[in-house]
Amino acid sequence: MTKEKNLYILDGHALVFRAHYAFINRPLMNSKGMNTSAITGFVRSLWDIIVNRQPTHIAVSFDVSNITFRNEMYPEYKANRDETPEDIRKALPYIKKIVEGFNIPIFTLENYEADDIIGTLSKQAEKKGFNVYMVTPDKDFGQLVTEHIKIYKPSRQGNGVEILGIPEVLKKWDISSVDQVIDMIGLQGDSVDNIPGIPGVGPKTASKLLKEYKTVENLLEHTDEIKGKLREKIESNKEQGLLSKKLAIINTEAPIVFDEEATVIQNANREELAKIFTELEFRTLSNTILGEHKDGVQQALFGVEPVEAKDLPVIDKIAPKNYQNVNKEYLLIENKEDRADLITTLAGSEAFCFDTETTSLYPRAAQLVGISFCIEPNKAYFVLIPEDHNEAQKIVSEFKSILENEKIIKIAQNIKYDSIVLKNYTIDVKGIFHDTMLMHYLVHPELRHNMDYLAETYLAYKTISYDEMTEKKGKNQLTLRQVAKDKLKDYASEDADITYLLHEKLYKELDESGMKNLYFEIEEPLIKVLAQMEFDGIRLDSEFLGDYSKELNEKILNVKDEIYKMAGTEFNIASPKQVGEVLFDLLKIPYRWKKTKSGQYSTNEAKLSELSKDHEIVLKILDYRELTKLKSTYVDALPKLVNKTSGRIHSSFNQALAATGRLSSNHPNLQNIPIRTESGRKIRKAFIPENDDHVLLAADYSQIELRLIAHMSNDEAMIEAFNKNQDIHRATAARVYDVPYDEVTDHQRRNAKTVNFSIIYGAGSTNLSQQLDIKRSEAKELIDAYFNQYKGLKKYMDDTVKFARENGYVETLKGRKRTLRDINSKNRMAQSGAERIAINTPIQGTAADMIKIAMINIYDAMKAKEFKSRMVLQVHDELVFDTLKSELDELRDLVIKEMKNAIPDLQVPILVETGIGKDWLEAH
DNA sequence: GGTACGCA
DNA sequence: TGCGTACC
């Protein structure tokens, strides 16, 4: 018997798009700011096939243009498509070059889609005795599947590869013959390709109908047997259904001939590939594909043992290094002598790296399972810590002297977490913190900063997966305590070891970026402040919330009743879908907006508010929404977050998330605790001081961003207004409307205020007109008048954008940088988005720097004075202190002074407003 | 308009 | 994942 012939035909565009969008939230980026998601994803899929599937023949097909014969049948075909994203357009030439580098032929054909080319080639190849695999994520290809033609669906984020033969296709579509794929599309349509189908018919109805009638044509002949609305819909859309089916048919007779010879798999052009990979900075992929040694092309490229693709996710093939193939020395330390030796070793070091393994993501609730240490590459120690708390405390205490040694630098990934966990064991980690996560955050604020990602990008190393170690299969997962100690030793040691290696690279990169000062003067000391704040937490009045919950519950029931009465029916008010149907179908309230993507009525607040003026029920629905949201998100949720040991709430502050440099908080998120409405504000009453000897002191910056923009832009008029201590919005209105300061109307002031804010956010006239409910032209005039008064501001904004264009980044007063990859984009949307960021980031980021500096200085001063009072919250421009009454006056003076002087020598005064109260609402 | 988090 | 809401 001759060898089997296996042909893989890749659906180029579909794979590229899928890869691009797979990473859309955190695109892969090289140092030149190029988005490489699409290329990486495509090449990974290609390489996966070459290595794991051992094809004998291979080809790639691409679309040539958007216009094909289908547009002659139906001009709207694919007309809903947005323009190809710029990132993809830029990626395509590279992908084609790489495919050529692999010596793989590319098939294209004018006026036909890649689908048709793949269909035609597949059928011809099948006749020549091939097994054909159509490599595509598109399930429409199901119509072409036969015994020898299958769909090969590349793996998606660990989902594993799917191979669809006839039974799989039938199951996926719930049909009885693959020919019915086109009937399915004919009936249900395809929103992606803008194929209309028959309105009101979805997948369920379509397959039910086809079970009965087999084909669209047959169905249309027997519509008299169908009942009710469905019949009407089908009868009135007959033509559309037939056309849709036609559009769905993949042409297998395209004018193209399958050239068997051309598709035989060949050795790659190593030099060509190396050149492209270098340009793209694909170190990992390049190592994987080209190997690290220069000889043995055949060996490195295709001489790989066949592996079942299912068993090995693509990623394992991509990162070449891991615990299995690099020589690592990881030692398990579980007796007192070994610990003593380790401590001696660590005590003699200038710096060591450590990492804790615990039982919880939340440090205040976490128990130590072990601590790993590393002081040289590829060697690490794992100290096992038993479950018994007294035993554990004893062992941890042995390490107190070195962890609290101020002279030893501590290297760790997200050291705030470890530091809080150790506080649970009365250890206060000291010495300078070198946090790899924060270093990377400063250098690349817009990327991800988790260790696995850093290991892959900086070290080309694939770490041991947590889920693998804990044998996660579906729902069941071992806890760390259940993991065999040797396995845990490897996992934990690797964390410390990898962090150590990452530190070498990241510290250097931080230095080169010029942000070392920013790190050591702001971020590093802030870690210690935040760790203390999180550890201390804030007291919560659960009793108050319990009462409030009951109160809200009654209100909710009342509102619900009223709504049902007005609607004349009961429905789920929490469901936007049902709300839409009741309002616009049942009650016939005119609907005059676009529907949502999923074809539903949009019922967001802006639209409902507009309707609420004329329709009482809409007002009630808004009330209902507010009350239920309040109850579930805050009133009922907050008491659940009270820590059992401390009896307090320990919100976590993420220092490495917001690209502008701000902190974010979660568990709970303090940044969206309502303030606009009365019932929302009340939530703040639940945040209370430690006891009757304490009060809450709240201090917030007044107009900090406008003051900063005044300073940074050198705008004389704005600086003058602030120096005269004027109300800035009133002063703005006086200038813009050319009226005396004292005669500004409320309306004028409100407009001016809105303009002031839209300026800070870089918003344009469109946005402003919506905010103020005025015409775009009026908004434009307003903005022009504004800039005419604040000429310095205008110039600053122009200069900032110009700087960003030339340098590719913007920065804050303290040197925090943010790269703007779209600032020179040809895509207008993307570019103006980048311009807004260019204007907003320096301001928001400087304000963030400023409050961070204030926090550090206040914290240090409080420590020096041995205050019993504690800094407990930071929200945007506000700090909250749980204050011992006897320290109140001194603390307030201190806070005001440090907040004002965080960034000295500004051209405008900085105003800090303070309040005192028995709860946060009263203090605010 | 962007930057977030949490709920369903 | 989409939607809602908070902040700026």
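The sequence lines fix the lettering, A, B, ..., with proteins before strands; numbering per chain opens at 1.
In this structure, CG of Leu638(A) is placed 14 Å from C1' of dA6(C), rounded to the nearest angstrom. Straight-line distance from the CG atom of Leu768(A) to the P atom of dG1(B): 11 Å, rounded to whole Å. For the pair Phe653(A) CZ and dT3(B) C1', the interatomic distance rounds to 17 Å; values are reported in whole Å. Rounded to whole Å, atom P of dT3(B) lies 14 Å from atom CD1 of Ile839(A). Rounding to whole angstrom units, CG of residue Leu663(A) and C1' of dA6(C) are separated by 16 Å. Atom CG of Asn756(A) is separated from atom P of dG1(B) by 19 Å (rounded to the nearest Å). If you take CG of Leu873(A) and C1' of dA6(C), they are 16 Å apart, rounded to a whole angstrom. If you take CD of Glu626(A) and C1' of dC3(C), they are 17 Å apart, rounded to a whole angstrom.
Here Ala659(A) lies in heavy-atom contact (under 4.0 Å) with sugar-phosphate atoms only. Among the atoms of the strands shown, only primed sugar atoms or phosphate atoms (P, OP1, OP2) are found under 4.0 Å from some heavy atom of Asn669(A). If you check every strand for non-hydrogen atoms under 4.0 Å, Arg684(A) touches nothing. Residue contacts for Ser665(A): at a heavy-atom cut-off of 4.0 Å it reaches the sugar-phosphate backbone alone, with no base atom in range.
A donor-acceptor contact shorter than 3.5 Å links the side chain of Thr846(A) to the backbone of Pro842(A). Although no hydrogens or angles enter the test, the distance criterion places no donor-acceptor pair under 3.5 Å between the side chain of Asn840(A) and the main chain of Arg836(A).
In summary, the side chains of Gln671(A) and Ser664(A) do not present any donor paired with an acceptor at a separation below 3.5 Å, with no hydrogens or angles considered. Side chain to side chain, Tyr417(A) and Ser652(A) fail the donor-acceptor criterion of an N or O pair below 3.5 Å.
Not one side-chain nitrogen or oxygen of Arg818(A) sits closer than 4.0 Å to the OP1 or OP2 atom of dG2(B). Within the 4.0 Å cut-off from OP1 or OP2 of dG4(C), at least one side-chain nitrogen or oxygen of Arg625(A) is found. Listed pair Ser664(A) / dC5(B) meets the phosphate criterion, a side-chain N or O lying under 4.0 Å from OP1 or OP2.
Residues His729(A) and Phe757(A) bring their aromatic ring centres within 6.0 Å.
Both geometric conditions, a ring-centre gap below 5.5 Å and a plane tilt below 30°, are not fulfilled together for Phe757(A) over the base of dC8(C).
Side-chain atoms of Ala637(A) lie closest to dC7(B) of the nucleotides dC7(B), dT3(B), dC8(C). Here the side chain of Thr633(A) is nearest to one of dC5(B), dG1(B), dC7(B), namely dC7(B). Which of dC8(C), dC7(B), dC5(B) sits closest to the side chain of Asn672(A) comes down to dC5(B). Side-chain proximity of Ile837(A) to dG4(C), dG2(B), dC8(C): nearest is dG2(B).
Of the two residues near DNA chain B, Tyr761(A) and Pro668(A), the one whose nearest nucleotide lies more 5' is Tyr761(A).
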